[in-house]
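Naming convention: chains lettered A, B, ... in sequence-line order (proteins, then strands); numbering from 1 in each chain.
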Amino acid sequence: MKLSKEKLQSDKLSCLDNTEKAEESETASSGGKRKVVKESSESPDSPEFSRWLMKSEPDSRFENGIDVKFGIEDLKALPDQTGCWDGVRNYQARNFMRQMKEGQSAFFYHSNCKEPGIAGIMKIVKEAYVDHTQFDRKDVHYDAGSKPDNPKWSMVDVQYQRMLKRYLPLSELKKYHLQQRAKGGPLKDMALFTRARLSVQPLTTEEFDFVLSLEDKEPL
DNA sequence: GCCAACGTTGGC
DNA sequence: GCCAACGTTGGC
């Protein structure tokens, strides 16, 4: 996953988005089937999430000669501390992004680094629209199978809010998760552990608030 | 529509 | 660098 600065300008052009297209969604994870369904994201009674966790890599890593590094400091450094979350190429992650509403909060999670964990908080400032990198042959996340008249991939814009008072390592969150999986507690079903490889995940408000409360506690 | 092979993610 | 977990692909 990566965000990038160059993308911001083109955002303005894409205001006449594809609200219609964003309404259709391929089925989440059903093994390659690409069914196109008329939307209501999932099942009509699927829980509505309002908090999120989004993963990105803070360290340099080269994919096809391109550095995919994008940590919270990189987001903070962008104009208006705002960037687009492009490059998501997983249907479940994409569908969660399509459920995001302006103003909602998301944790910025640092993955694939020395100490993975939650670094800070950001806010959704623009709801899902076409991820233009899917059409860019030069881009790491170019998708030859996606056509401009029926784009497959979406992204949202996010704005930096703040760092957590202290970095919350995955290892610590995991201790709480294991503890609470046994005895009960807000993190017992946290997607970070039950859906380990998903790069955009929903959190219940209970999960979100509990994680947030940890920044005022001593490391476990 | 099943499922084995394959590829990727990402913690360790 | 290894490899487990798991999503995706494609043959049947």
Inset, instruction - Remember a base hit wins even if backbone is also touched, and classify Lys114(A) as base, sugar-phosphate or nothing at under 4.0 Å, heavy atoms. - result: nothing
Inset, instruction - For DNA chain C, find the residues of residues 187-198 of chain A with a heavy-atom distance under 4.0 Å and give them by number; none if there aren't any. - result: Arg195(A), Arg197(A)
Legend entry - Contacts of Tyr109(A) that satisfy ring-ring contact (aromatic ring centres under 6.0 Å, His included) - sequence neighbours left out: none
Inset, instruction - Answer yes or no: does a side-chain N or O of Tyr109(A) lie under 4.0 Å from OP1 or OP2 of dT9(B)? - result: no
Inset, instruction - Whole angstrom is fine here: how far is it from OH in Tyr91(A) over to P in dT8(C)? - result: 8 Å
Inset, instruction - Return the value, rounded to whole Å, for the distance between atom NZ of Lys175(A) and atom P of dC12(B). - result: 11 Å
Inset, instruction - Ignoring backbone atoms, establish whether Lys55(A) has a side-chain N or O less than 4.0 Å from OP1 or OP2 of dG10(B). - result: yes
Inset, instruction - Give the rounded distance in Å between these two atoms: CE of Met54(A) and C1' of dG10(B). - result: 18 Å
Legend entry - Rounded distance in Å - NE2 (His177(A)) to C1' (dG11(B)): 14 Å
Inset, instruction - Return yes if a side-chain donor-acceptor contact under 3.5 Å exists between Thr194(A) and Asp189(A), otherwise no. - result: no
Inset, instruction - May I have the distance from Asn90(A) (atom CG) to dC6(C) (atom P), rounded to whole angstrom? - result: 13 Å
Inset, instruction - Indicate the ring-plane relationship of Trp52(A) and Phe96(A), choosing parallel, tilted or perpendicular according to the 30° and 60° boundaries. - result: tilted
Legend entry - Asp131(A) with Arg89(A): basic N within carboxylate O range, under 4.0 Å: yes
Inset, instruction - Take the protein atom CZ of Arg61(A) and the nucleotide atom P of dG10(B), then report the distance between them rounded to whole Å. - result: 9 Å
Inset, instruction - Rounded to the nearest angstrom, tell me the gap between atom CG in Asn112(A) and atom P in dG1(C). - result: 13 Å
Legend entry - Geometric class of the Trp85(A)/Phe70(A) ring pair [parallel <30°, tilted 30-60°, perpendicular >60°]: perpendicular
Inset, instruction - Only counting residues at least two apart or in another chain, list the ones meeting ring-ring contact (aromatic ring centres under 6.0 Å, His included) with Phe210(A). - result: Tyr176(A)
Legend entry - Ion pair check, Glu215(A) and Arg162(A), cut-off under 4.0 Å: yes
Inset, instruction - Establish, with yes or no, whether the OP1 or OP2 oxygen of dC12(B) is under 4.0 angstrom from a side-chain nitrogen or oxygen of Lys174(A). - result: yes
Legend entry - Whole-Å gap separating P (dG10(B)) and NZ (Lys69(A)): 17 Å
